[in-house]
Amino acid sequence: MNSIQKYSCFFVFFIFSYCYANPTDNILLQKGWAALVKDNENVAFRYFWLANEKANKEKKYR
């Protein structure tokens, strides 16, 4: 496999992963990722834990 084919495969993979990426509508997860980017791990884990509890409650009522 030559380098042009190799890089074109990476490019196609990148395009498909970008197209099928699913941004979340969950505000708690968004806040958690924002806190994690700012190196506030404790705050981020609290938001992730709250998002997990919320998801478990919603799953329970379905």
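Note: hydrogens, waters and symmetry copies are ignored here, and every other heavy atom, side chains too, is used. Sequence positions, counted from 1, serve as the residue numbers for this chain.
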Pairwise side-chain contact, Lys31 with Val43, heavy-atom cut-off 4.5 Å (strictly under): no
With Phe48 via ring-ring contact (aromatic ring centres under 6.0 Å, His included) - residues at least two apart: Trp33
Closest contact, heavy atoms only, Gly32 versus Ala44: O-CB, 3.3 Å
Common cluster, Leu50/Leu29, ILVMFWY with side-chain heavy-atom separation under 4.5 Å: no
Side-chain hydrophobic cluster, 4.5 Å single linkage: members besides Trp49: none
Separation of Glu53 CD from Leu28 CG (nearest 0.5 Å): 10.0 Å
Atom pair OH/CG of Tyr47 and Asn26 - distance to nearest 0.5 Å: 12.0 Å
